[in-house]
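Values reported hereafter were calculated over all heavy atoms of this structure, with side chains retained and with hydrogens, waters and symmetry mates removed.
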Amino acid sequence: DISRVGEYFVPKMTPLDRTRNGQLWRFVAVEGDVYLIQNFHAGNKSSLEFVKDRSEKKLILSKTSDAPGQFWILAPT
């Protein structure tokens, strides 16, 4: 699911609830094995982004852009 924390929307772990569309995510192909991860509730305008501030690493939902932290590689385990 997603929650607003300050100026950011951040993903959070919650029990499955099919009535909450914030729990639905989709993978949008960019090129090859590279994807954007978008939240159904936020639509195409927002993508999951990895942000590293000086001492903090976090995942946020931010405006879709070409920021490197928004590109994800899917690899088989």
Side-chain angles (χ1 to χ4, degrees):
D1 210 353
I2 56 173
S3 292
R4 187 173 187 91
V5 176
E7 63 183 285
Y8 299 111
F9 286 97
V10 298
K12 66 178 183 176
M13 298 299 293
T14 59
L16 179 62
D17 179 349
R18 296 185 193 282
T19 65
R20 296 181 55 109
N21 60 10
Q23 293 183 334
L24 303 175
W25 298 83
R26 67 182 181 163
F27 292 82
V28 179
V30 175
E31 180 180 312
D33 292 338
V34 178
Y35 293 83
L36 292 170
I37 301 174
Q38 297 180 334
N39 182 273
F40 178 81
H41 177 72
N44 296 342
K45 297 178 183 175
S46 297
S47 294
L48 190 64
E49 183 173 356
F50 174 78
V51 177
K52 181 180 177 189
D53 291 338
R54 293 179 183 163
S55 62
E56 188 178 21
K57 298 174 188 170
K58 57 188 168 187
L59 292 173
I60 62 169
L61 198 58
S62 61
K63 183 177 179 183
T64 298
S65 69
D66 60 355
Q70 290 188 8
F71 297 108
W72 301 86
I73 296 174
L74 295 181
T77 55

Query - Joint cluster assignment, Val28 & Leu61, ILVMFWY side-chain distance < 4.5 Å - result: no
Mind checking what makes side chain to side chain contact (heavy atoms under 4.5 Å, CB included) contact with [X], not counting sequence neighbours?
X     : result
Glu31 : none
Phe50 : Lys52, Lys57, Leu59, Trp72
Lys45 : none
Thr64 : Leu36, Gln38, Ser47, Gln70

Requested in this report: Name all residues meeting the salt bridge (Lys or Arg N to Asp or Glu O under 4.0 Å) criterion together with Asp66; count only those two or more places apart in sequence or in a different chain, and write none if there are none.
Outcome: none
Query raised in the report: Between Val30 and Tyr35, is any pair of side-chain heavy atoms under 4.5 Å apart?
Result: no
Query raised in the report: How long is the gap from CH2 on Trp25 to CD1 on Ile37, to the nearest 0.5 Å?
Result: 8.0 Å
Query raised in the report: NZ of Lys58 to CD of Glu49: how many Å apart, nearest 0.5 Å?
Result: 10.5 Å
Requested in this report: Determine, stepwise, if the pair Glu56 / Val51 fulfils side-chain contact (heavy atoms from CB on, under 4.5 Å).
Outcome: CA-CA 8 Å; Glu56 188 178 21; Val51 177; over 6 Å; no
Report task. Just do the side-chain contact (heavy atoms from CB on, under 4.5 Å) check on Leu74 and Asp33 with the steps written out, would you? Result -> CA-CA 6 Å; Leu74 295 181; Asp33 292 338; 5.6 Å; no
